[in-house]
Amino acid sequence: MTNFRAIRGMVDILPEATPLWQSMETVALEVLSSYGYEEIRLPVIESTGLFARSIGEVTDIVEKEMYSFNDRNDESMTLRPEGTAGCVRAVVQHNLATTPRRLWYTGPMFRYERPQKGRQRQFHQLGVEAFGVATPDQDAELIALSRQLWRRLGVDDVLTLEINSIGSASDRAQYRAALVEYLSAHRDALDADSQRRLETNPLRILDSKDPATQALLDAAPALSDHLDAESRDEFEQLLAYLDGLGIPYRVNPRLVRGLDYYNKCVFEWTTEALGAQGTVCGGGRYDGLVEIFGGKATPAAGFAVGLERLILLMQALEITVSSPADLYVIAADEAAYRHTLPRVDDLRRQFPDLHIVQHLGGGSFKSQFKRADKSGAAWALVYGETEIANNQVTLKALRGDAAQRTIGDAELAAFLADFLAETEGA
RNA sequence: GUGGCUGUAGCUCACCAGGUAGAGCACCGGAUUGUGGCUCCGGAGGUAGCGGGUUCGAGACCCGUCAGCCACCCCA
């Protein structure tokens with residue numbers, strides 16, 4: 001016998017957690033729909049080159065975190081590490097961005113990293129992408145939508161919006177040169193990782209966690225001083241829109257983000273409640289990406305939500321959801337069981353919203369009632385010899401203290417209708 | 001990829017100078033003939049992550065490996 005375990009970093013979402021997931025997904029769908037966003041479903045595998053070109057050749061994701069393999073035709077494939085690249089690919093392939101287009105998708109993403117709290121090798125994201133609008137009203141809408149989602153999920157209070165403008169590619173190129181010049185003069189004062197990043201990805205030094213490096217950055221040139229007028233103006237406008245929406249934010253001049261395709265406005269929603277991986281949502285504008293993929297130049301912006309982190313956050317806030325049974329059907333013996341069959345079947349058709357659990361496997365009344373209790377059902381429907389003989393059913397309250405009663409089959413529907421009305425009112 | 005901590009019944013953990021394992025919860029059954037939750041009684045369940053070494057003897061010591069957790073890196 002062999003004992004299999006889930007592959008490292010791949011996590012089973014167990015039945016005790018799925019009700020919370022489902023309620024989160026339901027709320028997300030409602031919010032997205034209410035803003036007019038349409039769902040798109042995308043493959044989990046894409047050509048490796050797609051990610052290398054969009055995310056950036058020298059990013060950690062592409063350099064060391066991708067699940068890549070050659071298929072039988074010897075072409076390099078990759079399990080998607082994020083969703084934007086595939087979404088943009090689909091938009092270009094099907095020419096979806098002829099008019100402004102609002103899209104969302106959800107599903108698993110894969111990154112080969114060492115697992116820790118809030119980080120898995122297979123995790124789930126909700127991605128929201130908007131194509132065709134260059135003005136910051138689009139960025140404002142995306143941020144407003146995300147905030148609406150936090151409110152509806154009850155996590156609004158523990159999330160803060162950090163926001164920045166990283167300007168155009170040429171702004172950043174200029175700034176990068178200035179930053180490298182400044183930091184190179186103080187090379188020895190930098191932490192080891194930042195020294196390495198001086199060559200590979202200098203902008204990422206900005207959000208180093210090393211205190212000495214951060215101190216050094218206080219006197220460093222500021223990215224905001226290198227932005228062109230357009231980026232600056234649009235950022236100001238966006239902040240004004242956020243004020244109008246009543247969304248508090250923290251302008252974080254050192255927020256850069258790791259993927260190459262971002263420009264202008266970038267933002268993150270972060271929390272203190274999750275340990276080191278506090279980013280629940282991150283996004284920004286990526287005006288150049290559609291063109292890179294061979295589409296006609298199309299402005300675009302979007303964000304991604306880490307769903308495991310969102311769930312973790314809800315759990316930390318003790319937000320719980322469960323869906324216990326409503327009815328548990330008990331039958332005395334084989335004959336009684338057969339008697340219940342068509343009746344329970346009818347109930348399910350008449351009351352599709354009721355959770356009706358039929359006892360299986362026989363056993364004494366005692367053991368059946370034990371199961372009924374554990375199911376969380378509000379009522380047990382009992383079919384014994386007497387009930388069957390008289391076309392009746394006994395109702396026993398398992399949660400409240402209502403007295404047990406026996407009613408005719410014909411009265412059951414009315415009883416259940418009342419029960420449903422009550423539980424919906426509660 | 002780096003570092004720290006951990007790995008004993010389904011879960012949470014204990015035992016032990018190294019002499020082949022226990023508790024609580026959960027589970028199953030019972031406590032007068034068709035009735036759960038409380039209580040009582042009983043039962044089932046572990047080749048102590050895996051491999052190797054030291055030893056007369058290892059779950060306990062050593063090495064390796066795998067996995068989990070947390071942090072770094074990076075990101076959702």
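Letters go in sequence order (proteins before strands), and every chain restarts at 1. FYI, side chains are in, hydrogens and waters are out, and symmetry mates aren't considered; it's all heavy atoms of this structure.
- Across B:U20 and B:C15, the matching C1' atoms stand 14 Å from one another, rounded to whole Å.
- For the pair A:S47 (side chain) and A:L50 (backbone), a donor-acceptor distance under 3.5 Å is absent.
- Under 4.0 angstrom from either OP1 or OP2 of B:A76 there lies no side-chain N or O belonging to A:R119.
- Rounded to a whole Å, the CZ atom of A:R371 is 12 Å from the C1' atom of B:G36.
- Rounded to whole Å, the distance from CG on A:L274 to C1' on B:C69 is 16 Å.
- Across the P atoms, B:U8 and B:C13 are found 9 Å apart, a figure rounded to whole Å.
- The distance from atom CG of A:D207 to atom P of B:A76 is 12 Å, rounded to the nearest whole Å.
- Here A:F365 does not count as stacked on B:U35, because the ring centres are not under 5.5 angstrom apart with planes under 30°.
- Spacing of C1' atoms, B:G59 relative to B:G1, comes out at 32 Å, to the nearest Å.
- Residues passing the side chain to side chain donor-acceptor pair (under 3.5 Å) test with A:D345, sequence neighbours excluded: none.
- Using modelled atom types, one side-chain atom of A:R204 and one backbone atom of A:R257 make a donor-acceptor pair closer than 3.5 Å.
- Spacing between atom CZ of A:R121 and atom P of B:C74 amounts to 18 Å, rounded to whole angstrom units.
- At whole-Å resolution of the value, NZ in A:K209 and C1' in B:A71 are 9 Å apart.
- In this structure, A:K117 does not reach the B:C69 phosphate: none of its side-chain N or O atoms is under 4.0 Å from OP1 or OP2.
- Distance noted for atom C1' between B:C27 and B:G45: 9 Å (whole Å).
- Distance check on atom P: B:U35 versus B:G30 gives 11 Å, rounded to whole Å.
- Dashed line: the shortest gap from a side-chain N or O of A:K374 to OP1 or OP2 of B:C28 is under 4.0 Å.
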Which atom pairs link the protein and nucleotides 2-11 of chain B when you take only N or O atoms and keep those under 3.5 Å?
from : atom 1 : to     : atom 2 : distance (Å)
B:U2 : O4     : A:R114 : NH1    : 2.6
B:G3 : O6     : A:R114 : NH2    : 3.4

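- Residue contacts for A:G275: at a heavy-atom cut-off of 4.0 Å it reaches the sugar-phosphate backbone alone, with no base atom in range.
- Residue contacts for A:Q404: at a heavy-atom cut-off of 4.0 Å it reaches a base atom on one of the strands shown.
- Comparing B:C73, B:G36, B:A67 by their nearest atom to the side chain of A:R5 picks out B:A67.
- Within the nucleic acid shown, A:Q120 comes within 4.0 Å of at least one base atom, counting heavy atoms only.
- Regarding A:E82, its CD atom lies at a distance of 14 Å from the C1' atom of B:C74, rounded to whole Å.
- For the C1' atom pair drawn from B:A14 and B:A21, the interatomic distance equals 10 Å after rounding to whole Å.
- With a 3.5 Å limit on both pairing distances and Watson-Crick or G-U wobble geometry required, the stems of 3 or more pairs in RNA chain B span B:1-7 with B:66-72, B:10-13 with B:22-25, B:27-31 with B:39-43, B:49-53 with B:61-65.
- As rounded to the nearest Å, B:U47 and B:G4 have P atoms that lie 32 Å from one another.
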Quiz prompt | Stepwise side-chain contact (heavy atoms from CB on, under 4.5 Å) test for A:R101 and A:E38 | solution = CA-CA 8 Å; A:R101 195 99 203 185; A:E38 301 172 290; 3.5 Å; yes
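- Using atom C1' as the reference point in both B:C63 and B:U55, the two lie 16 Å apart (nearest Å).
- A:H124 pairs in a ring pair (Phe, Tyr, Trp, His ring centres under 6.0 Å) with only one of the listed residues (A:W21, A:Y105, A:F110), which is A:W21.
- Residue A:E113 contributes atom CD, which lies 10 Å from atom P of B:A76 at whole-angstrom precision.
- Heavy atoms of A:A377 sit nowhere under 4.0 angstrom from any nucleic acid atom.
- The existence of a salt bridge linking A:D218 and A:R254 is confirmed by a sub-4.0 Å separation between a basic side-chain nitrogen and an acidic carboxylate oxygen.
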